[in-house]
Amino acid sequence: MSKGKKSMPRQAYVNGRYTPHNDAAVHIEDRGYQFADGVYEVVPVYNGILVDEEPHLDRLERSLRELQIEMPMSRAAMKLVSRELMRRNGLSRGFVYMQITRGVAPRDHKFPASASPALVMTTRQMKPHSPDMIEKGVKVITLRDIRWERCDIKSVSLLPNILGKQAAAEAGAYEAWQIDDDGNITEGTSANAWIVTDSDTVVTRHANSEILNGITRVALLDLIEKEGFKLEERAFSLEEARTAREAFVTSSSSFVMPVTQIDDNPVGNGHPGILTMKLRESYIAYMNSLKEAG
Ligand code: PMP
């Protein structure tokens with residue numbers, strides 16, 4: 001922020017109004033606050049463009065449908081608000097957050113007879129990834145997946161994810177990979193998990209209700225197919241990950257991030273994998289190729 005010049009305060013959008021971010025608030029009986037009865041979506045913004053906006057909105061609509069929450073406004077209106085918020089906040093690199101809850105109603109577990117869904121939209125700037133992190137890769141720890149059976153819904157109920165990420169932070173790690181009862185890795189706490197085998201096959205868990213089907217994951221699957229790399233969408237065990245040649249995570253904020261340590265074990269030669277870095281470049285090239293629709 002430049003000194004002397006008064007910059008516009010950051011704005012949020014709350015139930016039909018643009019409001020200074022610092023004053024933005026929801027009702028204490030909002031079911032998102034009371035019960036985590038809501039969903040969210042995070043759309044990355046790169047070069048001023050919303051990356052994969054349509055698939056993000058598809059996923060948002062799907063999450064809402066699964067919970068029988070109505071879209072609070074049309075998809076076209078959501079797109080308009082995203083752009084207006086980006087404009088007001090001068091956002092060219094970062095994220096647009098959308099959070100929709102079942103709305104405000106007197107506390108009672110069952111769905112209220114009449115409540116209008118509540119919508120909050122915010123933006124956040126993102127700093128470029130540190131070159132050090134990309135050059136060295138990141139560490140992940142592993143822990144038991146204690147989440148529910150509908151991880152395909154992008155619910156705001158994130159306690160296990162928060163506990164996992166905190167455990168990772170305390171261990172000096174970037175992420176925590178979660179392990180199911182069969183000893184297979186499901187995903188990170190806010191990113192999908194991938195490995196590359198000795199035969200140069202890229203492996204990531206198939207998308208079902210045990211993981212969130214990342215939009216970055218889907219975009220990368222497409223790039224992998226286009227570039228002709230070998231791919232398997234299947235479960236892989238912690239043991240397989242530990243002895244993999246390469247590993248990485250994908251998400252809207254990490255893009256493709258090389259993983260060079262799993263718990264106390266180096267992955268491959270301990271350096272970011274060649275294929276991983278190729279895929280990272282391909283994904284960034286893909287984002288750079290995007291143009292504003294319409
Ligand atoms: N899994 C979980 C649990 C997540 O929270 C995220 C981040 N939204 C992802 C995977 C990656 O999804 P995306 O590529 O859409 O950011």
Side-chain angles (χ1 to χ4, degrees), residues 36 38-46 49-64 66 82 93-100 121-124 126 129 138 140-169 173-180 184-195 202-224 233 235-236 247-257 259 276 279-280 282-284 286-287 290:
V39 303
Y40 73 112
E41 198 49 60
V42 185
V43 188
V45 175
Y46 202 76
I49 307 281
L50 289 147
V51 179
D52 287 340
E53 183 182 30
E54 298 294 343
H56 276 284
L57 290 173
D58 287 343
R59 186 170 69 184
L60 178 66
E61 288 186 3
R62 179 180 182 279
S63 293
L64 288 168
E66 293 298 311
S82 301
R93 187 170 179 152
F95 308 99
V96 173
Y97 284 82
M98 305 162 178
Q99 182 148 327
I100 299 171
M121 285 172 65
T122 53
T123 66
R124 191 157 65 88
M126 175 170 71
H129 296 149
V138 298
V140 302
I141 58 164
T142 56
L143 39 78
R144 213 180 126 213
D145 195 335
I146 57 167
R147 299 173 303 163
W148 70 329
E149 291 178 5
R150 291 305 309 273
C151 297
D152 55 316
I153 299 173
K154 199 163 168 58
S155 154
V156 296
S157 171
L158 288 170
L159 267 180
N161 309 57
I162 287 166
L163 295 176
K165 190 75 113 199
Q166 178 62 21
Y174 182 77
E175 250 295 5
W177 280 7
Q178 303 170 99
I179 301 173
D180 68 15
N184 293 319
I185 288 159
T186 53
E187 60 179 335
T189 63
S190 65
N192 291 112
W194 304 67
I195 56 168
V202 184
V203 182
T204 195
R205 196 180 175 103
H206 49 289
N208 59 12
S209 60
E210 290 151 357
I211 66 163
L212 183 77
N213 191 4
I215 303 302
T216 321
R217 174 188 181 280
V218 173
L220 197 69
L221 287 175
D222 203 43
L223 290 173
I224 289 169
E233 280 181 83
F236 60 90
F248 61 93
V249 293
T250 57
S251 75
S252 297
S253 55
S254 296
F255 310 153
V256 175
M257 183 65 70
V259 170
T276 300
L279 294 175
R280 180 176 170 88
S282 300
Y283 185 71
I284 291 172
Y286 163 69
M287 287 194 295
L290 298 173

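When a ligand or atom number is given, it counts from 1 through the structure's own listing order. Nothing here was measured: the structure is a model prediction, and the numbers come from that model.
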(message) Using side-chain heavy atoms (C-beta onward) and a distance below 4.5 Å, is T186 in contact with R147?
(response) yes

(request) Considering only non-hydrogen protein atoms, determine which one is nearest to atom 14 (O) of ligand 1 and report residue, atom name and distance to 0.1 Å. (result) T216 OG1, 2.6 Å

(request) Side-chain contact test, heavy atoms from C-beta onward, threshold under 4.5 Å: evaluate it for E175 versus V259 and give yes or no. (result) no

(request) Distance to 0.1 Å, residue and atom name: give those for the protein heavy atom nearest to atom 16 (O) of ligand 1. (result) S252 OG, 2.7 Å

(request) Could you tell me whether V42 approaches ligand 1 through its side chain, its backbone, both or neither, with non-hydrogen atoms closer than 4.0 Å? (result) neither

(request) Return the residue, atom name and 0.1 Å-rounded distance of the protein heavy atom closest to atom 1 (N) of ligand 1. (result) E187 OE1, 2.6 Å

(request) For the pair Y283 and F255, name the ring-plane relationship: parallel under 30°, tilted 30 to 60°, perpendicular over 60°. (result) tilted

(request) Tell me which protein heavy atom sits closest to atom 12 (O) of ligand 1, plus the residue, atom name and distance to 0.1 Å. (result) G214 CA, 3.3 Å

(message) For R144, is the CZ atom crowded, meaning more than 12 foreign heavy atoms sit under 6.0 Å from it?
(response) no

(message) Please report the interatomic distance CD(E233) to CG(N208), rounded to the nearest 0.5 Å.
(response) 10.5 Å

(request) From the options N192, I185, D180, select the one residue that forms a side-chain contact (heavy atoms from CB on, under 4.5 Å) with R205. (result) D180

(request) From atom 15 (O) of ligand 1, work out which of L158, N161, T250, I215 has a heavy atom at the shortest distance. (result) I215

(message) Within this structure, what is the OG-CD1 distance for the pair S282 and I224, rounded to the nearest 0.5 Å?
(response) 9.0 Å

(message) With heavy-atom distances below 4.5 Å as the criterion, would you say the side chains of I153 and S63 are in contact?
(response) yes

(message) Does ligand 1 come near enough to K154 that some N or O of the ligand is less than 3.5 Å from an N or O of the residue?
(response) yes

(request) Give the atoms of ligand 1, by number and element, whose distance to some non-hydrogen atom of N192 is under 4.0 Å. (result) 10 (C), 11 (C)

(request) Mind checking whether A191 contacts ligand 1 via backbone (N, CA, C, O), side chain (CB onward), both or neither, at a 4.0 Å heavy-atom cut-off? (result) backbone

(message) Students should be able to answer this: which protein heavy-atom is nearest to atom 5 (O) of ligand 1, and at what distance?
(response) S190 CA, 3.4 Å

(message) If the contact criterion is a heavy-atom separation under 4.0 Å, does T189 count as touching ligand 1?
(response) yes

(message) Within ligand 1, which atoms have a heavy atom of R59 less than 4.0 Å away?
(response) 12 (O), 15 (O)

